[in-house]
Structures are given as C-alpha cells and as structure tokens.
Amino acid sequence: MTFKHNFKKVLSATAFAAALVVAPAANVSAATNDASSTQQSATATSQDQQASQDQAASQSSAANQSSSTSTSSATSTSTVKKVAKKTKKTSKKKAVKKVAKKTTKKKATKKAKKTSKKSTKKTTKAATAAVTASADQSQATDQQDDAAKKAAEAAAKKAAAKKAAAKKKAAAKKKAAAKKAAAKKKAAAKKKAAKKSAEKAAKYWIAMRESGGYYTARNGSCYGRYQLLISYLGGDLSKKNQERTADRYVYGRYGSWVNAKRFWLAHNWY
C-alpha cells in the first residue's frame, strides 16, 4: 500500500510538472494526461501481481517499482519536452506567419496609401489644369466679348456720326434750297415789281401821249385817257371802265404796256 501511495504521489507530481510546462497548449496537456493514465494502469497491474509474493520480495519490487517510476517519469518528461518543442515551433511558425501577414498588410496599406496619394495628386493636378483652362477660356471669352462690344460701339458711333453728317448735309442742302428758293422768289417778286413798275410807267407814258392824261379827252370816235374807240367802252365812259378796257385791249393785242409803248414809238400810235 505504501508503494502504491508513493507511486501516486510521484505520478501526480510528474503530471503537475508536465501540466505547468505545457499549459499554453491545450493539445500538449491532453497528450500528457493520456500518457499518465496509461502508466497508472500498468502500475496497478504490476502491484496486483507483486501483492501475491512474499514480503521479502516487496523491497525488491519496491526498488524495481522506483526504477520503473523514474523511467516512466523520464519518458514523460521527454515526451513533454518534445511536445513543448513542437508547440514552440508551431507557435513560432504562427508568429512568423502573423508577422509576415502583418508586414504584407502593412506593405499593401502603404502601397494603397501611396497609390491613393498619387491618384489624389494626379486628380488635383487634372482639376487644377481644368480650372486653369476654364479660367483661360473664360478670360478669352471675356476678351472676345469686350472686343465685340468695342467693335459694336465703334460701329454704332460711326453709324451715328454718318447719320448726323447726312442729317447735317440734308439740313444744309434744304437750307440752301430754301435760301435759293427765297432768293428766286425775291428775284421774281423784284422782277414782277419792276415789270409792274415798267408796265405802269409805259401805260402812263401812252396816256400822256394820247390825251395828256385826261379821262374826258375826245378826238373824233376816240374818247378818254387812252383814246379808245367809243364802241370799245360799250357806253360806259367811267374812269374805272376806261382803265379796265385799256388793259384788256393792250394785253390782248400787245401782251404788255411795254410792248405797246415799243409799238407806239415805232408807229406813233398803238
């Protein structure tokens, strides 16, 4: 019984030490527990066989059992170390993979940032170029509009000046025509006045030659200031009728008193 109790203590201590060593890995702990259970089963069988022997052989069995326990403990420790080493290797691989993955992700992120920055720079440059082009086009359009406006203003000014010149010329022409017409009218009036004056003078000259200017003068069948035939007067010997009849006779026969005077001078009668 003492041997069995001591064996259990050793086995428990060994299992506890193995559990502490391989605590980070769940698979290693499971493997250690399986190994310890197998060992306990073998030890129990060995104890049942040795219980039937003599007490003298108990000490020898105890020594053999102690040796077996040491061997089992050494085997278990070796297994734990292997599992721990494997776990460490696996953990290291995972850590390397994780670091590689992180590095790859970092590189990808850095590359993406660089690409994004480059793309943003390119987009900004394109946008700036577009804005500059738009500004240049707007400026060119404004210049064209200003030029067109100035040209339109110049054309309007030229047309206004031309219209004003034409209007001024027309006014001057109209004024000249009016002046000419006035002068012509004045000349005509003057001529008419002169003619009237000449007619009056010629009529007076004939009257003075025919009757001395008397409305009652008589010479045979002729009577009055202009010595007209009495039959011409139609029985009306008034001054007014004498003047009217004399004008009708002279203008009908000579066209004017001037022409009548000219005939009188040539023939001594009219």
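Scope of the values below: all heavy atoms of this structure, side chains included, with no hydrogens, waters or symmetry mates.
In terms of hydrophobic clustering, with Ile, Leu, Val, Met, Phe, Trp and Tyr side chains grouped at heavy-atom distances under 4.5 Å, L237 and Y215 are assigned to different clusters. Linking ILVMFWY residues whenever their side-chain heavy atoms come closer than 4.5 Å, directly or via other members, places I206 and Y254 in the same cluster. One hydrophobic cluster holds both F263 and W257 under the rule that ILVMFWY side chains link at heavy-atom gaps under 4.5 Å.
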Residue pair E199, K195: steps toward the side chain to side chain contact (heavy atoms under 4.5 Å, CB included) verdict: CA-CA 6 Å; E199 286 289 295; K195 186 178 180 181; 4.2 Å; yes
Verdict with reasoning, E210 to N219, per side chain to side chain contact (heavy atoms under 4.5 Å, CB included): CA-CA 10 Å; E210 290 292 325; N219 185 13; over 6 Å; no
Side chain to side chain contact (heavy atoms under 4.5 Å, CB included) between Y226 and K203, worked out: CA-CA 9 Å; Y226 301 100; K203 188 178 182 180; 3.1 Å; yes
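The two residues G224 and S211 have their closest heavy-atom pair at O-CB, 3.5 Å. The two residues A260 and V250 have their closest heavy-atom pair at CB-CG1, 3.7 Å.
Looking only at distances, no side-chain donor or acceptor of S197 sits under 3.5 Å from a matching main-chain atom of A193. For R225 (side chain) and Y214 (main-chain N/O), no donor-acceptor pair under 3.5 Å exists by modelled atom type. Using a distance-only test at 3.5 Å, with no hydrogens or angles considered, a donor-acceptor pair links the side chain of N241 to the main chain of D236.
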Can you list, pair by pair, the side-chain donor-acceptor contacts under 3.5 Å of residues 169-181, counting residues two or more places apart and other chains?
none

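For the side-chain contact (heavy atoms from CB on, under 4.5 Å) test with T245, the passing option among Q242, E243, R248 is R248; the others fail.
Under a 4.5 Å side-chain heavy-atom cut-off, the cluster of Ile, Leu, Val, Met, Phe, Trp and Tyr residues that includes Y204 is completed by M208.
Counting non-hydrogen atoms of other residues, nucleotides and ligands closer than 6.0 Å to OH of Y232 gives a total of 12 or fewer.
Between S256 and N259, the side chains place a donor N or O and an acceptor N or O closer than 3.5 Å (distance only, hydrogens not considered).
Taking the six-membered ring for Trp and thresholds of 30 and 60 degrees, W205 and W264 have ring planes more than 60 degrees apart, a perpendicular arrangement. Between Y270 and Y249, the two ring planes are perpendicular [angle over 60°; tilted spans 30° to 60°].
Counting heavy atoms from C-beta on, the side chains of Y223 and L229 never come closer than 4.5 Å.
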